There are 2 protein chains.
Amino acid sequence: MVKRTSRDIRTANRYEVLRQIIAESPTSRQELAAATGLSLATVATLVGELLDLRMLTEVGFEDSAGGRPRGLVAVNAAGGALIGVDIAETYVRAELFDLGLNVLARAAEHMRPGESRPEQVVGHVTTAVGSVVAQAGIEGARVLGVGVSVPGQVDRVTGVAEYAPNWDWHDVPLLDLLTEHIAYPLHLDNPLRACAVAELWFGAARGHANAVVVNLGTGVGAGLVIGGGVHRGVSNSAGEWGHTTLVLDGRLCHCGNHGCVETYVGAPGIMLNLRELDPGGALLHPEDQTATVDALARGVAAGDPVAVKVVRDTARYLGAGISDLVNLLNPEIVVLSSWVAATLGEPLVAEVREAVARHALKRPLAATEIVLSPIPGDPVCLGAATFALEGALSSVTQRSSAARRGAPVPLKPV
Amino acid sequence: MVKRTSRDIRTANRYEVLRQIIAESPTSRQELAAATGLSLATVATLVGELLDLRMLTEVGFEDSAGGRPRGLVAVNAAGGALIGVDIAETYVRAELFDLGLNVLARAAEHMRPGESRPEQVVGHVTTAVGSVVAQAGIEGARVLGVGVSVPGQVDRVTGVAEYAPNWDWHDVPLLDLLTEHIAYPLHLDNPLRACAVAELWFGAARGHANAVVVNLGTGVGAGLVIGGGVHRGVSNSAGEWGHTTLVLDGRLCHCGNHGCVETYVGAPGIMLNLRELDPGGALLHPEDQTATVDALARGVAAGDPVAVKVVRDTARYLGAGISDLVNLLNPEIVVLSSWVAATLGEPLVAEVREAVARHALKRPLAATEIVLSPIPGDPVCLGAATFALEGALSSVTQRSSAARRGAPVPLKPV
DNA sequence: GGGGTTAGGAAAGGGGCTGAAGAAAGTCCC
DNA sequence: GGGACTTTCTTCAGCCCCTTTCCTAACCCC
């Protein structure tokens, strides 16, 4: 059974306040209290804590209606840096963010098909992290943490990559390997949850207690936000929606089953949809998912009937799958995320909305909206960095009032 | 955003302690502390509260290893009564429970196909409730509450039956109608969540933070237990799993879609599975779901190949659907509940386990067990009564220590 | 330079949980 | 029979959390 303590309330409120400030920076304590529903006193102490941590700064005043001006606080961009690493099948990407979650530096490492040994991947991660730190010219001590997204199933407590289908990893002690090379606090999880956390903090799911973040990339999955937090399940593998059966005895999936959602709406699935419709067409770039999806997006924009049809077909599959999620989970919002969704954009979402409207039950449907992720850039890196941010916020301990008032509190040592 | 307060912690702990006592009655405070992970002091105050409420009694002592004997507490069966009402398409059933959740009285009202007006249903509920109270010879004041399960979508705050597919009800203010005739505290929800709560308190999901209770009756649904509580979704309609698409363009469902899970594993779906396999067979009782499912169960027990095949086919569909739930939610346990599951029993579960093992991903599968509901009798009535129990426990307010020590606290007035 | 007004800090209060101390109620042994 | 020991259970102090209330700070206007 989950054990909840009053500290969890504090942590959740800390998250909530910081989230609000990042979204609307600068802002006043008054506004924060109104937005979060907390009392002014609580907001003030939380803001005080964050000021002590150097995560916020006071940035002047705002006129009030005649009385004392409101003090404004803003994210202290220079107060620390967060690094998000996105390990994918063919690349490792790292981004370094300031505390406003603006990208200060990027690095990408290409991985050749053969490079699948853990040490090789760890090497690339180390290089990428080193690169962004160097580029940004940040002192090491200011890096509050590194979040790492690794595909597959991850045990976030022990940091073991239990299973990564791309490379057939089994129980690789990734955290231990990374710790040998990276001195910052590390946080591991998978891209599904990274995207979910990114939407929850900075994207369309902000302020929603129940949301589904559908991930459309090469693989497909769903990050589940339930009760204001990411649902992880008992062994941290919740959200494996890509291998939901959509078509009994349908297309063969690499998972061994037939008819998985992924085989119809993942990038390779979309290519197959296209190939079935127009085998020798110009839109298809065999062996290049990105180019094909790009071509489809351009085709739809140009009114190419083949492209329109392929997107519509894909949306139908997707709509059927999403309807199931809507019926089952009754979320407030469904967010379409990841590169395929970003590339195909609104035309896809519009078709999906229609398809869901046809399939889903009326009541849950009425409570749900379906939107495109508003996050620019790589949501996985952002989400991974958010893991680091959450980590930094959870480890805040009670400070003596002497420390709170007087001497600067040193940043979390590496 | 959900707002959590320290009171929620208290309520959750109260639930947990009472749950434990009901499961293992009599028991000692020591054991409770060990089982719940709470400190002895907290357990003692919670037990004290429940004693004051007359929900528990002290029932003697147990030898300790040499020192002072442990005081034993047990559910005070006479401390109050709970009523659970199961409104279904063709009947209204009411059961009256003591606080140990033992059935003291039952009543059932048959409803003819035409009887679908809210007033008629309310009339049957009123009669049934009156009947169980009379049978049990309980004074009205001891009834702590009445839980009512009504099919479809319910707003449990306003008590409006937003949509009941059986009778095409739309926004029927059921709670208001019932309040006119029934003076006890009323709690409304739907059968899915009733079964889930029943399993969570008294069944196979006890002690699990993440569980799925699959409901196999005429209709099909899934009660989701997430984070130790029932997940309701934003408009209290989560769990509508029966209309998940299992077969694209499959059987026509009354919801208007094709290929819904319900059309394959609900009782009418099973009858169809049977009819397709063996059109004129002896097992089929047209127009009688119960008789057909009973016949199937007997057939399987007797080794009838047709029955075995039908159950296997049904289990395959069910297994595919459950695999999706396992992948998506990563629960600790999946419980098969409701009359179809109870009737077909272990043979069905065994086949389902096999089917799920074939479909689900290895990692979530490894963390999940699939079991039959151990609850005897009607889980919907039990769950509905549990709503009333939860209601009675949540409305506990702080008592002055004078009251705690001295004068008996009157039971919740009707 | 006073009133009026609004912001924000400090203190008190209430709810929760825990750990330690002490009272209560046994056993054991002389 | 009476101490010594053990174990249970209650009570109390302590800490965390949030909120309400009171009071000071800061600014506007006259």
Side-chain angles (χ1 to χ4, degrees), chain A residues 1-17 26-34 36-52 56 58-73 394 396-402 404-405, chain B residues 1-17 26-34 36-52 56 58 60-73 394-402 404-405:
Chain A
M1 204 89 274
V2 217
K3 197 72 185 295
R4 268 183 273 275
T5 82
S6 59
R7 255 193 173 104
D8 298 333
I9 297 175
R10 183 67 147 192
T11 303
N13 288 341
R14 205 180 353 245
Y15 284 7
E16 197 56 33
V17 165
T27 186
S28 64
R29 291 171 181 77
Q30 309 288 324
E31 202 176 338
L32 285 170
T36 57
L38 293 168
S39 73
L40 214 48
T42 302
V43 168
T45 55
L46 287 169
V47 166
E49 250 177 56
L50 294 170
L51 283 168
D52 290 341
L56 300 181
E58 285 171 294
V59 292
F61 298 90
E62 173 187 59
D63 276 6
S64 65
R68 172 176 175 173
R70 287 185 277 271
L72 293 176
V73 292
S394 315
V396 175
T397 43
Q398 184 65 10
R399 269 136 229 289
S400 71
S401 31
R404 293 203 46 192
R405 221 161 309 215
Chain B
M1 206 89 270
V2 217
K3 199 71 187 294
R4 268 183 271 273
T5 80
S6 60
R7 257 193 172 104
D8 298 333
I9 298 175
R10 183 67 148 191
T11 302
N13 287 342
R14 206 181 351 248
Y15 284 6
E16 197 56 33
V17 166
T27 186
S28 64
R29 291 171 181 76
Q30 309 288 324
E31 203 176 337
L32 285 170
T36 59
L38 294 168
S39 73
L40 212 49
T42 303
V43 168
T45 58
L46 286 169
V47 166
E49 249 176 56
L50 293 171
L51 284 168
D52 290 341
L56 301 182
E58 285 172 291
F61 299 89
E62 175 187 58
D63 276 7
S64 65
R68 173 177 174 172
R70 286 184 277 274
L72 293 176
V73 292
S394 316
S395 60
V396 175
T397 44
Q398 184 65 11
R399 270 134 228 290
S400 69
S401 32
R404 291 201 48 193
R405 218 160 311 211

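Everything quoted here is computed from the prediction, not taken from an experiment. Below, read A as the first sequence line, B as the second, and so on, with proteins coming before strands; counting in each chain starts at 1.
Atom CD of A:E62 and atom C1' of C:dT6 are 12 Å apart (whole Å). Residue B:R10 contributes atom CZ, which lies 12 Å from atom C1' of C:dT18 at whole-angstrom precision. When the C1' atom of D:dC17 is taken as reference, atom CD1 of B:I9 falls 9 Å away, rounded to whole Å. Protein atom CZ of B:R7 is 15 Å distant from nucleotide atom C1' of C:dC17, rounded to whole Å. In this structure, CG of A:L32 is placed 13 Å from P of C:dA7, rounded to the nearest angstrom. One can place CG of B:D52 at 14 Å from C1' of D:dT10, the figure rounded to the nearest angstrom. Put simply, CG on A:L46 is 12 Å from P on C:dG9, counting in whole angstrom units. In this structure, B:E31 atom CD and D:dT7 atom C1' are separated by 16 Å, rounded to whole Å.
Annotation: side-chain hydrogen bond (donor to acceptor under 3.5 Å, both in side chains) contacts of B:Q30 (sequence neighbours excluded): none. In this view, B:S64 satisfies the side-chain hydrogen bond (donor to acceptor under 3.5 Å, both in side chains) rule with no residue, not counting sequence neighbours. Scored by the side-chain hydrogen bond (donor to acceptor under 3.5 Å, both in side chains) test, B:S6 finds no partners at all (sequence neighbours excluded). Under the rule for a side-chain hydrogen bond (donor to acceptor under 3.5 Å, both in side chains), the partners of A:T42 that lie at least two apart in sequence or sit in another chain are A:S39.
A residue-by-residue look at A:R4 and A:Q30 shows that A:Q30 has its nearest nucleotide of DNA chain C further toward the 5' end. Along DNA chain D, the nucleotide nearest B:G71 and the nucleotide nearest B:S6 are compared for position; the residue whose nucleotide lies closer to the 5' end is B:G71. A residue-by-residue look at A:T11 and B:S64 shows that B:S64 has its nearest nucleotide of DNA chain D further toward the 5' end.
For the OP1/OP2 pair of D:dC18 and a distance below 4.0 Å, the side-chain nitrogens and oxygens of A:N13 include at least one atom meeting the criterion. One finds no side-chain N or O of B:K3 lying less than 4.0 angstrom from the OP1 or OP2 phosphate oxygen of D:dC17. In this model, the phosphate group of C:dA7 is approached by a side-chain N or O of A:R70 to a distance below 4.0 Å at OP1 or OP2.
Using a 4.5 Å heavy-atom threshold, the side chains of B:V43 and B:T36 count as touching.
Over its full length, the helix from C:dG1-D:dC30 to C:dC30-D:dG1 turns its helical axis through 30°, comparing axes from the five pairs at each end and rounding to 10°.
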For nucleotides 19-30 of chain C, give me one character per nucleotide, 5' to 3': B if any protein heavy atom sits under 4.0 Å from the base, S if the only such contacts are to the sugar-phosphate, - if neither. B----BBBS---

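B:D8 places a side-chain N or O within donor-acceptor distance of the main-chain N or O of B:T5, the cut-off being under 3.5 Å. Of the possible donor and acceptor atoms, none in the side chain of B:R70 sits under 3.5 Å from a partner among the backbone N and O of B:F61.
Here the OG1 atom belonging to A:T45 is positioned 9.5 Å from the CZ atom belonging to A:R14, to the nearest 0.5 angstrom. Distance check: A:T27 OG1 to A:L72 CG gives 7.5 Å after rounding to the nearest 0.5 Å.
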